[in-house]
Structures are given as C-alpha cells and as structure tokens.
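Because the structure is a prediction, the values reported are computed rather than measured. Position 1 is the first residue of the sequence; numbering continues from there.
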Amino acid sequence: MKTISHLHILILSIISILSSSCNDMLDKSPLDRFENDPTFWNNASNVEGITNSFYNSFTGYGNNGGYGLFYFKTINDDQVGNPFNEWEYTTIPSTSSFWTNGWEQIRLANIIISNVTASTLSDSDKVRFSAIARLMRAWHYYNMVRCFGDLQWIDKPLSISDTDILYGERISRDLVMDYVLEDLDYATTNMPVSATKITWSRNMANAMKADICLWEGSFRKYRTEAENLLAPDPDGANRYLNACVDACEYILSQGFKLNDNYQGNYNSIELANNPEMIFYKQYKQGTLSHSLIAYTSSSTTQSGMTKDAFDSYLFLDGKPLALTSLDTNDAGKIAYNDDTKQYNINISSVLAVRDKRLSVTIDSVLCFKGSTWARTFDGMQMTSTTGYTCRKYDNTSIPINYRNQTATNYTCSPIFWLSVVYLNYAEAKAELGTITQSDLDNSLNLLNARAGLPNLNVIPGFTDPANNHNVSDLVWEIRRARRCELMFDNWNRYWDLIRWHQLDKLDTSDYPDVILGANITNAVNPQVDTHSGYIYATKVNRSFQPRYYLYPIPSAEISLNPHLTQNPHW
C-alpha cells in the first residue's frame with residue numbers, strides 16, 4: 001500500500017489490520033486482506049475488526065522494544081535526554097512520518113464512514129461504526145493540526161481522479177478544528193454507553209473531547225500573530241473551553257473515583273478494576289509487551305528529571321520553593337545502603353517535605369556517572385543524566401527478568417483517566433473565569449489531597465515569584481498541578497507549552513535550570529560536570545525560534561503539490 005501524498009493516492013483495496021472481539025481490542029487474530037466491496041462492509045464482524053485497528057493509534061508505553069509517549073519524549077523542561085534532545089525538526093525534512101501516518105489514518109476513517117453508510121448493516125451499527133471512525137478522524141486531524149497548522153480538510157475517500165483535492169490548498173487550521181469539533185460532537189452523542197475500559201465508549205469519547213477542546217481553547221487564547229500568523233480568538237477560545245467543560249462534566253457524572261495509589265495508575269499489570277481508568281492499553285505477558293520499565297531500571301542512562309521540574313513541586317505546607325517555611329535544602333546526604341553494600345547520595349529527607357508525588361516519581365537515591373545504584377538487590381546498576389532516576393513506571397514485584405529486559409514488560413498503560421479530566425476541568429473553568437471553590441474542591445483539590453497537599457483556593461493567597469507565564473496566581477497553580485500530576489506522561493509538557501504559548505521556556509540559555517539536575521554538593525569526586533553544585537546534564541544549548549511552534553511541511557510534499565505553502569519562518 002502506498003502512503004498518501006498529494007500526488008500519489010491509490011484506492012485502498014488491501015489493508016493489513018487486526019480484528020478483534022467486541023470486548024477486548026487486544027484479543028486479536030489476523031485478518032490479512034479484505035476485498036473493498038459491499039460483501040465485506042455488510043458484515044459487522046469485519047467492520048468491527050477494521051475499526052479496532054485504530055487501537056494502534058494509542059501507543060501507550062510502546063510496543064515491544066519501541067518507544068511510547070510516556071517518558072521517552074524529552075523535548076521539554078521536565079527531562080534531559082541522553083543524547084540531548086533538540087527540536088523535532090531543525091531543518092525542513094524531505095518526508096515526515098507525522099505527515100504520512102496522519103493522512104493514512106484519516107483516509108482509513110473516511111473509507112469506513114463512506115462504506116458503512118452505504119452498507120446493509122443495521123442503523124445502530126452504522127451509527128456506532130461511523131461514530132468510532134469520526135472520533136478517530138478527529139483525533140488524527142487534531143494531532144496533525146498541532147504539528148502542521150493549516151491542512152486540507154478531507155472527509156471522503158479519494159482516488160487519483162480527485163485532482164482538485166489532491167492538488168488543493170490548505171485551509172485555515174481554525175476551520176479544520178471546527179470540523180474536528182463536529183466529529184467529536186457526533187462521536188460523544190452516538191458512541192455506545194459502555195462501562196468497558198479497553199474499547200470504544202461514550203466515556204472514552206468525552207475524555208478525548210475534553211483533551212482536544214482544552215488544547216484548542218487555550219491555544220486560541222494565547223497565540224500571537226507575530227509567531228503563529230494568527231491573532232488570539234477570544235470567542236473561539238471560549239467556545240472550545242466550554243466544550244471541554246461539558247465533556248468533563250459528563251465524565252464527572254459517571255461515577256469514576258480516584259485510585260488511592262497514584263503509582264498504581266502507571267505500574268499495574270491490570271487496570272480493569274482501577275476506579276480512575278476511563279480507557280487504557282492492555283499489555284499481556286507473552287502477547288503484547290513494552291520496554292518502558294527496562295529503560296528506567298537497567299544500565300541504560302536514564303533521561304533524568306531537571307532541576308526546573310524538581311523545583312516545581314510544592315512543599316507540604318502548600319507553598320512553592322520561594323515561600324515555604326519548610327527546609328529547602330535540596331542537597332543529598334551520603335548514606336550507606338545495606339542492600340547494595342555501598343555509599344550513595346540519598347535525598348529521602350528532601351523528598352519528605354515535598355508533594356508526595358515526587359517521591360513516587362523519582363528514587364530517593366541519586367545515581368550518576370561515578371555513583372551508580374540499583375533499585376533492587378538483584379537489579380542493574382543505574383545512572384541518570386541529572387542524578388534523578390524515574391521510578392514511576394517500575395513494579396518491583398515483577399520478576400527481574402521481566403523488568404530490566406527490553407520487550408518483556410507487561411504493565412498496562414493509562415490513555416484517558418480521571419485525574420486528567422479533573423485537571424482539564426479546573427483549567428478550562430479558570431480560563432473562562434467561571435471557576436468556583438466548589439469546582440476546585442471537586443477536581444484539582446482531590447488530587448492535592450492524594451498528594452498530601454492542602455487545598456488550593458480560588459484566590460491562592462500567595463504569588464509565586466517563579467511565575468513567568470504572565471498569568472494569574474490561580475492559573476499558574478493549576479498549571480503547576482498539571483505538570484506535577486502528569487510528570488513524564490504522554491509527551492504532555494511539550495504540547496502544554498505550545499498551547500500556553502510558552503515554548504520559549506525550553507531555551508537553555510535563558511532558562512538554564514532545564515539542563516541542570518540534582519544537587520550533589522556532598523558527592524566525593526563526582527565524574528560529572530556541575531554548576532554551583534548541581535549536575536550539568538549537558539552543555540549543548542537548545543535555542544528557541546518562533547518557527548518551532550509548527551513543524552515544517554515536508555519538502556517532497558510541496559514538490560508534489562505546489563499549492564502547499566511552507567509554514568511561517570521556515
């Protein structure tokens with residue numbers, strides 16, 4: 001099958017897909033080929049299989065040895081990778097998987113919608129399958145708009161004869177996103193009402209809608225004409241933020257509850273009974289595995305947490321670093337480890353006065369070149385670029401050979417879950433200016449309670465000197481809560497900085513704490529560079545330019561279709 005381009009498109013007559021039962025999208029058997037004719041589309045089981053192939057769009061923790069979206073994407077201010085991660089593109093590429101894969105999935109959605117509509121399936125099946133396809137068309141368009149901005153809107157299967165579209169111009173990204181919202185509205189209205197957490201449901205569709213609408217609403221509010229060639233759109237922003245609130249309120253009415261164990265959302269071998277899960281990716285030992293635990297438990301140097309991220313966690317008195325009355329000394333202490341029979345730098349006392357999520361996200365022992373450490377007695381010695389190691393996804397009760405070997409890990413991955421809905425709801429209401437104390441108490445403050453923090457008030461009562469986003473005290477604290485709750489998750493931080501129009505915060509010259517790590521002042525002869533006692537994770541600078549708000553259009557696509565113009569500043 002040829003990938004879609006604006007010159008070369010073939011009718012999709014043979015697609016490799018995975019079919020499944022209606023209850024478990026992981027329980028798949030191969031359906032190698034199908035004939036694109038009415039016989040195929042008149043069979044509900046066939047259509048079930050092809051719609052469930054969209055499940056592969058949710059990479060979760062990755063498949064086998066491949067990377068997923070958690071932890072691995074380090075183009076942010078939360079982690080420093082090894083090697084250091086520059087921008088996704090610094091020059092214009094000839095081709096891009098973000099471009100081709102997105103169009104392939106949109107094309108598949110259009111094929112499903114068109115053929116299901118013309119089939120002899122029952123009306124209920126037609127609506128259900130169309131809702132799934134439109135939901136996933138919305139999802140892939142949303143991801144492409146985030147990357148590339150203006151796009152062509154294509155809502156039907158194309159053939160080579162559709163030259164007016166194949167060689168057409170892009171339309172405004174705002175108009176594309178309005179079409180996306182129409183798809184989301186259709187899906188959330190027509191998706192089956194189901195309690196399942198591993199396949200399509202109205203709960204899952206609303207959780208997706210909340211994510212997309214929060215992103216679009218805040219992007220329209222904070223964008224600038226100088227950098228994005230589009231002025232802020234207050235009316236459009238409010239429309240999407242209200243749509244986010246509506247979707248969140250639907251979820252909040254469905255009886256979901258926070259899981260008592262924060263780490264249990266990330267390191268469990270089964271999430272079916274987790275009251276917080278809305279939709280998750282199920283891994284099974286011997287069937288589908290990942291490598292996330294291995295990359296954060298083995299000798300591979302970890303992409304460590306930055307000083308900037310570490311400092312963002314509140315103290316247990318609910319105050320930030322500059323205002324707390326608790327001990328702010330972040331230097332680790334030399335301590336003897338009975339298990340490993342070696343001396344290491346321990347930060348247990350530092351973590352004891354911070355947001356409880358921090359001690360679950362990173363280890364209490366710092367490890368770096370010249371000072372290695374193993375999380376368990378039988379584990380591998382580890383190092384981190386910043387000294388801070390990621391323990392959030394590890395499950396030490398799993399046998400060691402299923403933890404530190406790639407393609408053997410089988411913990412399940414959250415995709416949409418309640419804590420994110422709480423964060424979306426609080427932020428959208430705050431941006432709209434309609435948030436009440438009750439709204440906070442029924443959303444973000446439930447997360448604070450789990451983290452051992454006091455409630456956040458609508459008027460916080462303090463102003464953090466670290467607030468460099470030019471937003472209110474309340475919005476700043478909500479953004480902080482989002483960062484800490486979702487640390488290392490879902491490539492989340494990068495896209496948050498995009499929608500808040502804060503991408504310049506990744507410039508290492510202006511914000512050096514994004515390449516600094518732990519305080520190892522007390523280390524003896526460390527084999528790493530330090531700056532004022534903090535690990536200097538890299539001396540490679542990452543310079544911000546306005547063009548990085550969008551990816552460049554691949555040059556090969558512009559050659560194929562001269563009506564495709566390049567993105568701003570590229």
Side-chain angles (χ1 to χ4, degrees), residues 77-78 258 260 262-263 304-335 345-366 386-388 391-392 419 422-423 426-427 430 435 437 439-441 443-487 505 511-514 516-523 530-535:
D77 50 0
D78 288 342
L258 285 186
D260 291 338
Y262 170 74
Q263 190 178 22
M305 179 184 286
T306 66
K307 181 180 186 298
D308 188 83
F310 187 93
D311 288 346
S312 70
Y313 284 83
L314 292 173
F315 287 74
L316 292 179
D317 60 3
K319 298 295 178 62
L321 177 63
L323 303 176
T324 184
S325 60
L326 300 177
D327 185 4
T328 60
N329 184 357
D330 60 359
K333 300 176 181 178
I334 300 293
I345 300 181
N346 193 289
I347 58 169
S348 293
S349 60
V350 176
L351 298 176
V353 296
R354 295 288 186 108
D355 178 332
K356 291 181 179 179
R357 290 171 294 203
L358 182 56
S359 63
V360 172
T361 302
I362 61 174
D363 287 295
S364 59
V365 173
L366 303 180
T386 66
Y388 297 125
R391 67 179 290 249
K392 182 175 184 177
S419 60
Y422 282 160
L423 293 166
E427 183 179 345
I435 195 166
Q437 188 62 46
D439 293 331
L440 272 180
D441 292 344
S443 58
L444 188 147
N445 281 334
L446 297 175
L447 302 178
N448 275 6
R450 185 169 65 180
L453 299 173
N455 281 352
L456 174 66
N457 295 322
V458 171
I459 301 176
F462 59 89
T463 298
D464 184 6
N467 180 352
N468 57 8
H469 284 197
N470 193 30
V471 293
S472 70
D473 294 336
L474 177 61
V475 170
W476 173 255
E477 293 305 319
I478 290 173
R479 291 182 180 184
R480 180 207 304 280
R482 183 180 186 88
R483 184 181 192 182
C484 296
E485 179 73 23
L486 305 180
M487 185 64 64
K505 302 304 183 289
Y511 303 95
D513 282 3
V514 304
L516 294 181
N519 186 341
I520 57 169
T521 301
N522 296 324
T530 60
H531 174 74
S532 299
Y534 293 91
I535 292 177

Note, [X] side chain near [Y] side chain (heavy atom, < 4.5 Å):
X	Y	value
Leu323	Pro465	yes
Leu440	Leu474	yes
Val514	Lys505	no
Asp77	Tyr511	no
Asn522	Ile345	no
Arg354	Thr324	no
Asn445	Gln437	yes
Glu477	Leu314	yes

Mark yes or no for whether [X], through its side chain, and [Y], through its backbone, hold a donor-acceptor pair below 3.5 Å.
X	Y	answer
Asp363	Val365	no
Asp355	Cys484	no
Thr386	Met305	yes
Asn455	Asn457	no
Arg391	Ser359	yes
Asp439	Ser443	no

Residues Asp464, Arg480; criterion side-chain contact (heavy atoms from CB on, under 4.5 Å); working and verdict: CA-CA 11 Å; Asp464 184 6; Arg480 180 207 304 280; 2.6 Å; yes
Let me confirm one number: the [atom1]-[atom2] distance from [X] to [Y], rounded to the nearest 0.5 Å.
X	Y	atom1	atom2	value
Leu316	Lys356	CG	NZ	7.5 Å
Tyr422	Glu485	OH	CD	11.0 Å
Ser419	Arg450	OG	CZ	5.5 Å
Thr361	Asp78	OG1	CG	10.5 Å
Ser532	Leu516	OG	CG	8.5 Å
Asp513	Asp308	CG	CG	5.5 Å

Which heavy atom of [X] sits nearest to which heavy atom of [Y], and what is that distance?
X	Y	answer
Ala430	Ile478	CB-CD1, 3.6 Å
Ser312	Ala309	OG-O, 2.5 Å
Ala426	Leu444	CB-CB, 4.2 Å
Leu446	Asp441	CG-O, 3.5 Å
Ala481	Arg357	O-NH1, 4.2 Å
Gly517	Lys307	O-CB, 3.6 Å

Flag for Tyr262-Lys392: side-chain donor and acceptor within less than 3.5 Å: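 Looking only at side-chain atoms, Tyr262 and Lys392 do form a donor-acceptor pair, the distance falling under 3.5 Å.
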Side-chain H-bond candidate by donor/acceptor type, Asp330 with Tyr534, under 3.5 Å: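 Their side chains do contain a donor-acceptor pair, which is all the 3.5 Å distance test asks for.
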With His531 via side-chain hydrogen bond (donor to acceptor under 3.5 Å, both in side chains) - residues at least two apart: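 Result, side-chain hydrogen bond (donor to acceptor under 3.5 Å, both in side chains) vs His531: none returned.
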Partners meeting side-chain hydrogen bond (donor to acceptor under 3.5 Å, both in side chains) with Glu427 (sequence neighbours left out):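 Only Arg499, Trp500 meet the side-chain hydrogen bond (donor to acceptor under 3.5 Å, both in side chains) criterion with Glu427.
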Ile362 vs Ile347, side-chain contact (heavy atoms from CB on, under 4.5 Å): CA-CA, chis, key distance, verdict: CA-CA 10 Å; Ile362 61 174; Ile347 58 169; 4.3 Å; yes
Atom CG of Asn470: over 12 foreign heavy atoms under 6.0 Å: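 12 or below, so no.
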Plane angle bin for Phe310 and Tyr388 - parallel if under 30°, tilted between 30 and 60°, otherwise perpendicular: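 Ring orientation, 0 to 90° scale: parallel.
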For Leu456, the option from Leu447, Asp473, Asn448 that meets side-chain contact (heavy atoms from CB on, under 4.5 Å):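 For Leu456, the side-chain contact (heavy atoms from CB on, under 4.5 Å) check succeeds only for Asn448.
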